[in-house]
Protein chains: 2
Amino acid sequence: MPTPSPSQAAPPPAESNRGDRARERLIDAAMEIFSERNLEGARTREIAAAAEQNVASISYYFGSKEGLYHAVFERIASDLRQTMGAQIKEIEQLHAAHAITRPLAVSLLKRLMRTLYIHVRTKDSQGNGGVGRLIVREQIAPTPAFDIVYERAIRVVHETTAILVAAYLEADPKDPIIIIRTHALLGQLLVFVTARETIRRRLGLPPFGKLPPETEHRVRDTIARILEEQAEAQLVGLAACNFPTIASPDALHRVISPIQQDPT
Amino acid sequence: MPTPSPSQAAPPPAESNRGDRARERLIDAAMEIFSERNLEGARTREIAAAAEQNVASISYYFGSKEGLYHAVFERIASDLRQTMGAQIKEIEQLHAAHAITRPLAVSLLKRLMRTLYIHVRTKDSQGNGGVGRLIVREQIAPTPAFDIVYERAIRVVHETTAILVAAYLEADPKDPIIIIRTHALLGQLLVFVTARETIRRRLGLPPFGKLPPETEHRVRDTIARILEEQAEAQLVGLAACNFPTIASPDALHRVISPIQQDPT
DNA sequence: CCCGCTTTCAAACAATTGTTTTAAACAATC
DNA sequence: GATTGTTTAAAACAATTGTTTGAAAGCGGG
């Protein structure tokens, strides 16, 4: 046999030229095609063709189709972490210093929502939500690839958002109720990725890719702005309604808490 | 050739015995397997085996694998419509009579959210969100099957929800901003279907299917209650924040409106 | 009891899949 | 400039896919 596939671990500092170029192109193409069809639906030949590479190269560089899929999610996790990293760190520090007031929580949350939304709507080859689609597919039918993006990116984003929600409601970020509320809040954002086709039809927009990029840009920014408003309104409303936030003496906690363990 | 496949149109009143039984079993099994793997990922042999039917029967009854997939979505649409039909009609009538006050809008919305959530969490063979997963997959990568469930179910639910949001904010249910806000609101619900794995891990719950049905029941009801609260808080907050709701003199409308046409 | 129809079944088919193979082309070090 | 190791290329492979085939089995009415 010629050369065994280079173990699919992360490339330490090795940044040569020819091979890495091919790897990049393959990941790029794979990201696009895996987002349209899924893992089983995507054909290796199609990916190779889109990357202007030979079919054998995917086996050569990534060991297998799954290996390439894996690599795609490594990149997704890295990209997401890089985009959100600074904000997350800032929020964590402010939280540790007990310095998050209500108005600050609102502005931090709005910025986080906007950044996150713009990221998942932009970080892809086409104007389509490639990254978002890939993640959602893993959410509804997880494979080992989900661990990568969850542990390295989704989890911290979720936890950080929970810090802001908890700060505003003067509650514990680890409270199951706060976590559920945080999840719901992030859902307002995610739904524009997951239920893309519905909002497209409801707004009477042409099929994706069919409208001029400049217009698409503006639609995206419009939604981002409304998302900020929704987030602020949600917090304001929750505080006004004064629903139970501390789960300890609450029935809900008694339901979820005993199960709660192994939070890996 | 033996018998050509009976055209895959809806069986008018024909409700015989032997054949329809097989059809039902096939649809049941297909619903489950299509929700785990997707259209391409599911194997006809596996579906047939789960239905205790021969492989050829799927070609025989539905013409093809796609035909069966189609039939699955016909049922999904029917089920959803049947669950939501009464509430939708009631809301439409109240709206036509201009009888929706703010408190009424809140209670109608809460009931709608709860019913919808319970439906997508319950209407499946396992305790898993089979229906939800199938719909989400179609949202992120629509096939002709999406038309069925959108036109026959999703659209009316979305429009009806928009009526309630608009009523509370004293705005036009057709206002693009209201539609976007409605979409975000429904996203709070959908995220518990689409980002299932994330909320599971964040709550430290065991893998789905691994926890006793009684507990799962209570978790479901807990989330449903919080969703009601979130919806109420969202409306209250939006009214308090007094964001622009009428799009006419707004920049957003100038963005979206000129594209808006062909609302099929 | 036999005949028309529908339904079931096991086997076979043609097409496509991911992957391997084999060898040629390339780049760089000596 | 020959000889490394690395990368590409085309073809071949074994396995699996959705579907078809052709006949047997069930079932109802004459």
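Within every chain, numbering begins at 1; the chains are lettered A, B, ... in the order of the sequence lines, protein sequences first and strands thereafter.
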In this structure, how many angstroms lie between the [atom2] atom of [N] and the [atom1] atom of [X], rounded?
X: Phe62(B); N: dT19(D); atom1: CZ; atom2: P; result: 13 Å
X: Arg21(B); N: dT6(C); atom1: CZ; atom2: C1'; result: 17 Å
X: Arg43(A); N: dG18(D); atom1: CZ; atom2: C1'; result: 12 Å
X: Leu68(A); N: dG18(C); atom1: CG; atom2: P; result: 11 Å
X: Tyr61(B); N: dC9(C); atom1: OH; atom2: P; result: 10 Å
X: Arg37(B); N: dT16(D); atom1: CZ; atom2: P; result: 14 Å
X: Arg25(B); N: dT7(C); atom1: CZ; atom2: C1'; result: 15 Å
X: Glu40(A); N: dT16(D); atom1: CD; atom2: P; result: 13 Å

Review point. Less than 6.0 Å separating the ring centroids of Phe62(B) and His70(B)?
Key: no

Exercise for review: Please determine if a side-chain N or O atom of Tyr60(A) lies less than 4.0 Å away from the OP1 or OP2 oxygen of dA9(D).
Suggested key: no

Practice item. For DNA chain C, determine which residues of residues 44-57 of chain A have any heavy atom closer than 4.0 angstrom to one of its atoms, and list them numerically. Key: Thr44(A), Arg45(A), Val55(A), Ala56(A)

Point to revise | Geometric cation-pi criterion, Arg201(B) with Tyr150(A): 6.0 Å, 45° | key: yes

Check your understanding: So, Arg218(A) and Glu214(A), do they make that salt bridge, N to O below 4.0 Å?
Key -> yes

Exercise for review: Identify whether the distance between the nearest side-chain nitrogen and carboxylate oxygen of Arg37(B) and Glu32(B) falls below 4.0 Å.
Suggested key: no

Review point. Looking at residues at least two apart in the chain, or sitting in another chain, which of them share a ring pair (Phe, Tyr, Trp, His ring centres under 6.0 Å) with Tyr69(B)?
Key: Phe34(B), Phe73(B)

Review point. Going by heavy atoms in the side chains, are Leu186(A) and Leu116(A) under 4.5 Å from each other?
Key: yes

